Participant: 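Once you've had a glance at the structure underneath, I'll fire off some questions.
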Amino acid sequence: MSTRYLPLFVYGTLKLGSRGFGSSLKAAVTEFAPAYLREASLYIGASYPMAIRSIGGTGIVGQILLVEQRLFEETLEELDDYEGYLGEGDPNNMYTRQTVRVEVFPDEDSTWEGPTQDVQAYVYMATPDSFREHRGELVLSPSGDWENHEEEWEELSPALEDTQDPNYDERFADDEDEDEDDR
């Protein structure tokens, strides 16, 4: 095994029961529980989240998942593909796979049997370039919980329309259109 065997911290469409990849991931998971990532912030778009490391951030509510060891490498490759992670340092990464420490809060539905404090896990975080590229389509989730994204998006996204892009200069707006026509 070339990649260190660790659990995964998931916070959005990878969560078990989500409409995203989480539904496919379920078959490989042997243990799970609610978990929390400090020093991070969750940004939400209309249909996807982005997480960034953020000292003093809101924190992120998610799940810790332990993948069956014999399926780990294959599952990680599928997740890397889903998350647009092409490899360490690749400039085209949308997300990077990082090692973080999370707190685990087992509940009555959990199957988690591991430790609960300072648990090392992999998480997919937005790259700085990817975050900058999509920032205009995202709002900070006050709760840090993807479960609340529909309500938070409805409440907060109208503010995006009122935000002027600081890099926009109307003097050059028509030049872009002309350049595309010249091609």
Side-chain angles (χ1 to χ4, degrees), residues 1-55 57-104 112 114 119-141 143-150 152-153 157 160:
M1 185 178 300
S2 60
T3 305
R4 185 171 169 208
Y5 181 62
L6 287 175
L8 304 166
F9 175 78
V10 296
Y11 55 84
T13 59
L14 293 182
K15 287 177 74 174
L16 298 181
S18 76
R19 60 162 175 66
F21 194 79
S23 58
S24 302
L25 185 59
K26 188 174 185 175
V29 172
T30 59
E31 296 179 35
F32 67 92
Y36 184 74
L37 174 61
R38 295 186 185 283
E39 304 297 331
S41 292
L42 182 67
Y43 285 80
I44 54 175
S47 62
Y48 65 95
M50 282 191 145
I52 61 168
R53 297 307 303 256
S54 174
I55 294 175
T58 58
I60 300 175
V61 176
Q63 295 172 331
I64 192 160
L65 309 176
L66 188 64
V67 172
E68 188 174 338
Q69 194 158 2
R70 68 180 179 81
L71 300 174
F72 180 71
E73 288 286 334
E74 177 185 341
T75 301
L76 212 52
E77 285 177 20
E78 291 174 10
L79 292 173
D80 288 349
D81 186 52
Y82 180 79
E83 294 290 354
Y85 176 66
L86 305 172
E88 186 70 32
D90 192 302
N92 296 312
N93 285 337
M94 183 164 184
Y95 292 85
T96 61
R97 182 176 4 108
Q98 300 177 10
T99 304
V100 294
R101 296 186 181 276
V102 299
E103 295 175 50
V104 181
W112 184 256
V119 179
Q120 277 195 306
Y122 290 122
V123 64
Y124 290 92
M125 304 291 270
T127 65
D129 287 344
S130 181
F131 182 71
R132 274 191 294 278
E133 181 182 329
H134 294 275
R135 179 63 183 102
E137 307 161 11
L138 302 168
V139 295
L140 176 63
S141 168
S143 69
D145 190 344
W146 178 247
E147 298 294 318
N148 301 325
H149 79 278
E150 289 177 359
E152 290 177 348
W153 178 254
S157 65
L160 291 175

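Just so you know, these numbers come straight off a predicted model, no measurement behind them.
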Participant: To the nearest 0.5 Å, how far apart are CE in Met50 and CD in Glu133?
Facilitator: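 Output value for this atom pair is 7.5 Å.
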
Participant: Which atom names give the shortest non-hydrogen contact between Ser141 and Thr58, and what distance separates them?
Facilitator: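 The answer is O-OG1, 3.8 Å.
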
Participant: A side-chain contact here means heavy atoms from C-beta on lying under 4.5 Å apart; do Ile44 and Glu152 qualify?
Facilitator: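 A side-chain contact under 4.5 Å exists here.
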
Participant: From Met94 CE over to Glu83 CD, what is the distance, rounded to the nearest 0.5 angstrom?
Facilitator: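 Spacing of CE (Met94) from CD (Glu83) equals 8.5 Å.
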
Participant: Measure from the side-chain N and O atoms of Tyr48 to the backbone N and O of Gly12, and report whether any donor-acceptor pair falls under 3.5 Å.
Facilitator: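 It does not hold such a pair.
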
Participant: By side chain to side chain donor-acceptor pair (under 3.5 Å), which residues pair with Gln98, not counting sequence neighbours?
Facilitator: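 Residues passing side chain to side chain donor-acceptor pair (under 3.5 Å) with Gln98: Thr96.
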
Participant: Please name the pair of heavy atoms, one in Ile64 and one in Ala35, separated by the smallest distance, quoted to 0.1 Å.
Facilitator: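 Heavy atoms only, the tightest pair is N-CB, 3.8 Å.
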
Participant: In chain order, what residues pass the side chain to side chain donor-acceptor pair (under 3.5 Å) check against Thr127, with sequence neighbours excluded?
Facilitator: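 Testing Thr127 for side chain to side chain donor-acceptor pair (under 3.5 Å), a comparison that skips the adjacent residues, returns none.
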
Participant: Near Glu150 CD, under 6.0 Å, is it more than 12 heavy atoms from other residues, nucleotides or ligands?
Facilitator: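 Result for CD/Glu150: open.
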
Participant: State which residues pass ring pair (Phe, Tyr, Trp, His ring centres under 6.0 Å) with Tyr85; sequence neighbours excluded, sorted by chain then number.
Facilitator: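 For Tyr85 there are no ring pair (Phe, Tyr, Trp, His ring centres under 6.0 Å) partners, ignoring immediate neighbours.
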
Participant: Please name the pair of heavy atoms, one in Leu42 and one in Leu140, separated by the smallest distance, quoted to 0.1 Å.
Facilitator: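 Taking every non-hydrogen atom into account, O-CD1, 3.6 Å.
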
Participant: Given 3.5 Å as the limit, does a donor-acceptor pair link the side chain of Asn93 with the main chain of Glu88, or not?
Facilitator: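 Such a contact is absent between Asn93 side chain and Glu88 backbone.
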
Participant: Tyr5 and Leu66: side chain to side chain contact (heavy atoms under 4.5 Å, CB included), yes or no, with the steps?
Facilitator: CA-CA 9 Å; Tyr5 181 62; Leu66 188 64; 3.6 Å; yes

Participant: The criterion is ring pair (Phe, Tyr, Trp, His ring centres under 6.0 Å); which residues satisfy it with Tyr36, sequence neighbours excluded?
Facilitator: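 Not a single residue meets the ring pair (Phe, Tyr, Trp, His ring centres under 6.0 Å) criterion with Tyr36.
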
Participant: How many angstroms lie between CG in Leu138 and OG in Ser157, if you round to the nearest 0.5 Å?
Facilitator: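 Going from the CG atom of Leu138 to the OG atom of Ser157 covers 11.0 Å.
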
Participant: Are the side chain of Ser130 and the backbone of Ala126 linked by a donor-acceptor contact shorter than 3.5 Å?
Facilitator: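 Not a single qualifying donor-acceptor pair exists.
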
Participant: Just how far is it from atom CG of Leu65 to atom CH2 of Trp112, taken to the nearest 0.5 Å?
Facilitator: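 Between Leu65 CG and Trp112 CH2, I get 8.5 Å after rounding to 0.5 Å.
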
Participant: For the residue pair Leu25 and Glu78, establish whether any side-chain heavy-atom pair is separated by less than 4.5 Å.
Facilitator: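 Not touching, per the 4.5 Å side-chain cut-off.
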
Participant: Looking at Leu16, is its backbone amide N or carbonyl O close enough to the side chain of Gln63 to form a donor-acceptor pair, meaning the two atoms are under 3.5 Å apart?
Facilitator: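 Indeed, once roles are kept as given, a pair shorter than 3.5 Å links the two residues.
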
Participant: Minimum heavy-atom separation for Thr13 and Ser47, please, with both atom names.
Facilitator: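 Scanning both residues completely, I find the closest heavy atoms to be CG2-O, 4.3 Å.
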
Participant: Partners of Glu103 by side chain to side chain donor-acceptor pair (under 3.5 Å), sequence neighbours excluded?
Facilitator: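 With neighbours one apart ignored, the set is Arg38.
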
Participant: With a 4.5 Å limit on heavy-atom distance, are the side chains of Tyr43 and Arg135 in contact?
Facilitator: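 Side chain of Tyr43 against side chain of Arg135, heavy atoms only: contact under 4.5 Å found.
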
Participant: For Tyr124 and Asp80, does a side-chain donor sit closer than 3.5 Å to a side-chain acceptor?
Facilitator: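 Asp80 and Tyr124 do have a side-chain donor-acceptor pair below 3.5 Å.
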
Participant: With a 4.5 Å limit on heavy-atom distance, are the side chains of Arg97 and Leu79 in contact?
Facilitator: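 No, too far: nothing below the 4.5 Å cut-off.
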
Participant: State which residues pass salt bridge (Lys or Arg N to Asp or Glu O under 4.0 Å) with Asp81; sequence neighbours excluded, sorted by chain then number.
Facilitator: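 Applying salt bridge (Lys or Arg N to Asp or Glu O under 4.0 Å) to Asp81 gives none.
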
Participant: Taking all non-hydrogen atoms of both residues, which atom of Ala121 and which atom of Leu8 are closest, and how far apart?
Facilitator: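 Answer, listing the atom of Ala121 first, then Leu8: CB-C, 4.1 Å.
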
Participant: Just so I know, are the side chains of Met125 and Phe131 near enough to count as touching, which here means a heavy-atom distance under 4.5 Å?
Facilitator: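 Side chain of Met125 against side chain of Phe131, heavy atoms only: no contact under 4.5 Å found.
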
Participant: Checking side chain to side chain contact (heavy atoms under 4.5 Å, CB included) for the pair Val100/Glu39: CA distance, chi angles, key distance, verdict?
Facilitator: CA-CA 10 Å; Val100 294; Glu39 304 297 331; over 6 Å; no

Participant: Please give me the minimum heavy-atom distance between Leu71 and Thr75, naming the atom from each residue.
Facilitator: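 It is O-OG1, 2.7 Å.
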
Participant: Do Val119 and Phe9 touch side chain to side chain, with heavy atoms closer than 4.5 Å?
Facilitator: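 No; the side chains remain at least 4.5 Å from each other.
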
